[in-house]
Amino acid sequence: MYSEKVMDHFTNPRNVGEISGADGIGTVGNMKCGDIMKIYLKIDDGVVSDAKFKTFGCGAAVATSSMATEMVKGMPVDDAVKITNKAVMEALDGLPPIKVHCSCLAEEAVRAALWDYSQRSHVTIDGLREPVNDIDEHQPPEE
Ligand code: FES
């Protein structure tokens, strides 16, 4: 059902944790399954120098968080904003159709973190809009 890459990133996730003094933090949730993903970005001179995540969610959500953080590291923010859930899935050699929504969390969390960075640093990133799926981490998802 799952590719070797998905299983690898699920059983050995990269970049787990948080970044103290992160320049951008994005927290998004899927209200249907209740899963939550939080991504931390360190940004130096417009380039993502570090990325970490904490995900309370399914295996596919963990694997996509892991892959998404690997992909954005070293990227200029203008490129990081273009990362799509499709690109993350392709990098993982695919996900089963019922797990595609899990990869959307990764795309949304990266964008939410970039939005947070843009707001805090008064930087404009082309193509970036205010996230609609951002959640207050102190509020549990609706039942
Ligand atoms: Fe909720 Fe995967 S089932 S993110």
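Quick note: residue numbers are just sequence positions, from 1. In this text the structure is predicted, and so the values were computed from the model without any measurement. Atoms within a ligand are numbered from 1 in the order they appear, just like the ligands themselves.
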| task | Examine distances only and state if a side-chain atom of Ser3 and a backbone atom of Leu92 form a donor-acceptor pair shorter than 3.5 Å. | result | yes
| said: Under 4.0 Å from a heavy atom of His101: which atoms of ligand 1 are those, numbered in the order shown and with their elements? | reply: 1 (Fe), 2 (Fe), 3 (S)
| query | Restricting to N, O or S atoms of Asp35, which is nearest to atom 1 (Fe) of ligand 1? | reply | OD2
| field | Candidate pair Thr64 and Met37, rule side-chain contact (heavy atoms from CB on, under 4.5 Å), full reasoning | value | CA-CA 10 Å; Thr64 52; Met37 188 182 293; 4.1 Å; yes
| said: Heavy atoms only, cut-off 4.0 Å: how does Asn30 contact ligand 1, side chain, backbone, both, or neither? | reply: neither
| query | Does even one non-hydrogen atom of Lys32 get within less than 4.0 Å of ligand 1? | reply | no
| task | Let me see the working for Asp79 and Val48 under side-chain contact (heavy atoms from CB on, under 4.5 Å), right down to the final yes or no. | result | CA-CA 10 Å; Asp79 292 339; Val48 179; over 6 Å; no
| Test: Asp8 and Arg14 ion pair at under 4.0 Å | yes
| field | Sidechain-backbone polar pair: Thr55 side chain, Val62 backbone, donor-acceptor under 3.5 Å | value | no
| field | Candidate list Asp116, Asp23, Val72, test side-chain contact (heavy atoms from CB on, under 4.5 Å), partner Leu41, passing option | value | Val72
| remark: min-distance protein heavy atom vs atom 1 (Fe) of ligand 1 -> Cys33 SG, 2.1 Å
| For ligand 1, which atoms, with element, lie under 4.0 Å from some heavy atom of Leu105? | 4 (S)
| Which ligand 1 atoms, with their elements, are less than 4.0 angstrom from a heavy-atom of Cys58? | 2 (Fe), 3 (S), 4 (S)
| said: Using a distance threshold of 2.8 Å, state whether an N, O or S atom of Cys102 lies below it from atom 1 (Fe) of ligand 1. | reply: no
